[in-house]
**Q** 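Below are the structure tokens for one structure; questions will follow.
The residues of the chain are indexed from 1 along the displayed sequence.
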Amino acid sequence: MRKYIYIIFCKAKSRYISVHVTGSNMDLVLNLADSHFFTPYVYPTSWPEDEPLRQIIGLLVVTNLGAAILYLGLGTLSYYFIFDHNFMKHPQFLENQVRREIKYAMTSLPWISIPTVALFFAEVRGYSKLYDDVSESPLGWSGLIFSMVSFLFFTDMCIYWIHRFLHHKLIYKNFHKPHHIWKVPTPFASHAFHPVDGFLQGLPYHIYPFLFPLHKVLYLGLYVFVNVWTVSIHDGDYRVPRVMEKFINGAAHHTDHHLFFDYNYGQYFTLWDRLGGSYKHPSALMGKGPLDCNKKSSLMGHANGKEE
């Protein structure tokens, strides 16, 4: 009798561990991928759900596939429906730039995924503060909303200082310079980073749920939002409500970062650029942006043609 009780206890304990170690936003994606593809095409059905190797392989596949889909999908939509192709006439737009941006990003993403998967694995094993239900939030629904706002401000602050650190003369040449090749970026430049650069600038997103409580579905949504925003600040669409121009770090602000190097390091907001003395009001909003340069060059060309 004691033998059977022990077996039941072990099974229950095993089930508890399986549930406990998958408490992250990634378990939602892993479970979906598990039931439709991973088993038995990636790993055998005999592997238990909480098998570390199974989780690592699954995370590697999901992370790489998800990153590629988000990057190529969002980049393509933005390139064809938002990006103004007149930017490609700018004198600093490189030959075959779009192809080079895509190639660089797709080469870097697998390398970036390796340390990223290590953090996802720690989440999946239950080491983060991610939770499943709003009732588990310390402040309920208000805590959920607060965590969304604090996530944006926390990551914006961290990225500002990481980004500024990457511009240090001892660091810049080896790690951040490849991203600044694109003086007039397209949406595909959004993820065209050196792997070390890409991982460091993405690190705050992964650190947050280890420090603060966060709903895992909200975390997944914020992760998608981050990718959308990263593409949007490289798409050349400078439209921002006038009242928000001084507060939101949009495409116009980030274009000046690419053109003038040491301004507008922020991700979403201008707060830390103002505090750090690196804020520059966007030249595009003052009629001095890349497209204005194109117009002036065109007018000068016409004038020269008439004179000749």
Side-chain angles (χ1 to χ4, degrees), residues 13-35 37-39 42-43 47-71 108-134 136-138 143-144 146-148 150-159 161-162 165 175 191 193-227 230 267:
K13 184 179 179 182
S14 174
R15 178 167 177 76
Y16 167 77
I17 293 172
S18 176
V19 171
H20 175 72
V21 300
T22 55
S24 82
N25 70 311
M26 290 304 292
D27 70 314
L28 299 172
V29 183
L30 276 177
N31 289 339
L32 185 64
D34 234 5
S35 59
F37 177 70
F38 286 170
T39 308
V42 175
Y43 36 67
W47 286 8
E49 289 184 10
D50 61 341
E51 168 64 39
L53 183 59
R54 169 176 173 159
Q55 291 175 336
I56 291 170
I57 292 173
L59 286 169
L60 278 168
V61 175
V62 165
T63 302
N64 278 278
L65 192 59
I69 290 172
L70 280 173
Y71 167 64
S108 295
L109 285 174
W111 291 105
I112 296 171
S113 75
I114 295 172
T116 301
V117 162
L119 292 168
F120 281 148
F121 181 66
E123 290 175 11
V124 166
R125 301 301 289 185
Y127 293 104
S128 73
K129 296 180 182 294
L130 290 165
Y131 56 87
D132 294 277
D133 194 85
V134 177
E136 299 174 55
S137 169
L144 192 77
F146 175 76
S147 66
M148 179 172 61
S150 64
F151 176 91
L152 295 178
F153 278 95
F154 173 82
T155 55
D156 186 65
M157 176 188 69
C158 293
I159 290 170
W161 289 110
I162 290 170
F165 165 75
F175 299 116
H191 292 62
F193 290 98
H194 183 284
V196 173
D197 184 1
F199 173 70
L200 287 177
Q201 293 206 57
L203 187 59
Y205 309 130
H206 306 296
I207 291 294
Y208 182 93
F210 287 95
L211 301 175
F212 309 104
L214 183 64
H215 194 289
K216 61 185 180 182
V217 176
L218 176 59
Y219 184 34
L220 189 61
L222 287 168
Y223 190 73
V224 173
F225 168 78
V226 163
N227 281 273
T230 304
Q267 180 76 348

**Q** Any donor-acceptor pair under 3.5 Å linking the side chain of His215 with the backbone of Leu130?
**A** no

**Q** Taking everything shown except Phe146 itself, do over 12 heavy atoms lie less than 6.0 Å from its CZ?
**A** no

**Q** Indicate yes or no for a side-chain donor-acceptor contact from Thr63 to the backbone of Leu60 under 3.5 Å, with no hydrogens or angles considered.
**A** no

**Q** Is the shortest side-chain heavy-atom distance between Phe175 and Leu200 below 4.5 Å?
**A** no

**Q** Do His206 and Phe120 have side chains that get closer than 4.5 Å, going by heavy atoms?
**A** yes

**Q** Tell me, yes or no, whether the heavy-atom count around Phe212 atom CZ, taken from other residues, nucleotides or ligands under 6.0 Å, exceeds 12.
**A** yes

**Q** Got Pro52 and Arg125 here, is their nearest side-chain heavy-atom distance under 4.5 Å?
**A** yes

**Q** Given side chains that start at C-beta, do those of Tyr205 and Thr116 come closer than 4.5 Å, heavy atoms only?
**A** no

**Q** Contact between Leu119 and Leu203 at the side-chain level, heavy atoms closer than 4.5 Å - yes or no?
**A** yes

**Q** Test your reading of the model: is there a side-chain donor-acceptor pair from Ser113 to the backbone of Asn64, 3.5 Å cut-off?
**A** no

**Q** Show your working on side chain to side chain contact (heavy atoms under 4.5 Å, CB included) between Leu152 and Phe225 and close with a plain yes or no.
**A** CA-CA 10 Å; Leu152 295 178; Phe225 168 78; 3.8 Å; yes

**Q** Ile162 versus Pro204: any side-chain heavy-atom pair under 4.5 Å?
**A** yes

**Q** For Ser147 and Leu218, run side chain to side chain contact (heavy atoms under 4.5 Å, CB included): C-alpha distance rounded to whole Å, both residues' side-chain angles, the deciding distance at 0.1 Å, then the answer.
**A** CA-CA 9 Å; Ser147 66; Leu218 176 59; 3.5 Å; yes

**Q** For the residue pair Met148 and Leu214, establish whether any side-chain heavy-atom pair is separated by less than 4.5 Å.
**A** no

**Q** Spell out, as yes or no, whether a donor-acceptor pair under 3.5 Å connects the side chain of Tyr208 to the backbone of Tyr219.
**A** no

